[in-house]
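First listed ligand is number 1; within each ligand, the first listed atom is number 1.
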Amino acid sequence: MTTTTRVDLAILGIRGRAPVSRRAGAGPSDDGHLVLDGRSVAVPLNDASPYWLEGDTLLRDGVVVEDVAVEPVRRPRFYDLRTAEGTSYEMLARLHGRDVLATTVVQTCVRYDEAERCRFCAIEASLTAGSTVAVKRPYDLADVAEAAVRLDGVRQMVMTTGTSAGRDRGATHLARCVRAVKARVPDLPVQVQCEPPGDLATITELREAGADAIGIHVESLDEDVRRRWMPGKSRVALDEYRAAWAEAVRVFGRNQVSTYLLVGLGEDPDELVEGARALIAMGVYPFVVPFRPLAGTLAQADGATAPDPAVLEDVTRRVAADLVAAGMTSDGQRAGCAACGACSTLKQQGA
Ligand code: SF4
């Protein structure tokens, strides 16, 4: 598959449905999960896309896109199990890509008031829709993880959280969940994702709980973009992020720490690439992802649109080259979004 096709798919997505997909929730969503040319790919489900699938063939405007091997991801068997109280495992964690188990351990965010909320985020929309529960219990997640590994061959787990009002910003519950999962499935690599915790010692607690990798997601390094798109979160200073990344690299190791950088929020592409370069120099993997105007977000109500594919391709190509030159590729990560890579085109470009 050419990089241009991969970038197009990341932005335009595919028409129709996919057996594994998700609506709303934390991070990129409203997407379908496929395996293209052997790699997990998460693409928007978009009825206006020129791309669609017919069996294992990808078409664009009715013309077969040659040389792309398509494998749909089948609905995992663990989705059909329930806890003793009757909660469906599907409500507790979801399959992402081909082999990643992902959960949001606390589905609420202290910043979800409309004046404070990140405009691209729909973390509470899946809760409002009744498709998840507000707080996942550690022992339930351990049961789900065990079943997902045994029945569906899951190979890594991502745990994210909404931000709490506490000084830990939600990291303490994350640590409890990691500990429970690791006690049940010791060999399952786990990535945790959280804001910079107020007390940097929390990063060591997450590592000691058993987390293998950590994502501390800034989304943008541009202060104007941060204020416009993330009014609440932008009050966490970039210096606080830098301190948390540095401590995380010390604790978790180089290339086991990552951050999302969204393309398409109005940032200067050259500055984004420069910022990514500084992150790489620190040992932090910049996970470059196109902004998606998700249903239920303030951005969608604003009429915000996905980035220009040419800009995404250019930015991703330059960041991928820097990552490869530094020897920091996703294959070297134990767990996490960058290790999965389905929401980005960086893997397509060797990173
Ligand atoms: S990159 Fe992260 S959010 Fe995207 S499919 Fe993979 S684990 Fe899920």
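- In this structure the side chain of Leu298 never reaches within 4.5 angstrom of the side chain of Phe120, judged on heavy atoms.
- Less than 4.0 angstrom separates some heavy atom of Phe287 from each of these atoms of ligand 1: 1 (S).
- Using a 4.0 Å cut-off between charged nitrogen and carboxylate oxygen, Arg169 and Glu240 count as a salt-bridge pair.
- In summary, an N, O or S atom of His96 is located under 2.8 Å from atom 8 (Fe) of ligand 1.
- Counting heavy atoms from C-beta outward, Glu267 and Glu271 have side chains that stay 4.5 Å or more apart.
- Heavy-atom proximity to His33, at under 4.0 Å, picks out these atoms of ligand 1: 5 (S).
- Contact annotation: the side chain of Gln107 approaches that of Ser126 to within less than 4.5 Å [non-hydrogen atoms, C-beta and beyond].
- The atoms of ligand 1 that sit less than 4.0 Å from any heavy atom of Tyr260 are 2 (Fe), 3 (S).
- Among the backbone and side-chain atoms of Cys343, an N/O/S atom is found under 2.8 Å from atom 4 (Fe) of ligand 1.
- With values rounded to the nearest 0.5 angstrom, Arg167 atom CZ is found 11.0 Å from Thr172 atom OG1.
- Ligand 1 places these atoms under 4.0 Å from at least one heavy atom of Ala342: 1 (S), 5 (S).
- Atom 2 (Fe) of ligand 1 has no N, O or S atom of Cys340 inside 2.8 Å of it.
- Residues Lys233 and Glu219 are paired through a salt bridge, judged by an N-O separation under 4.0 Å between the basic side chain and the carboxylate.
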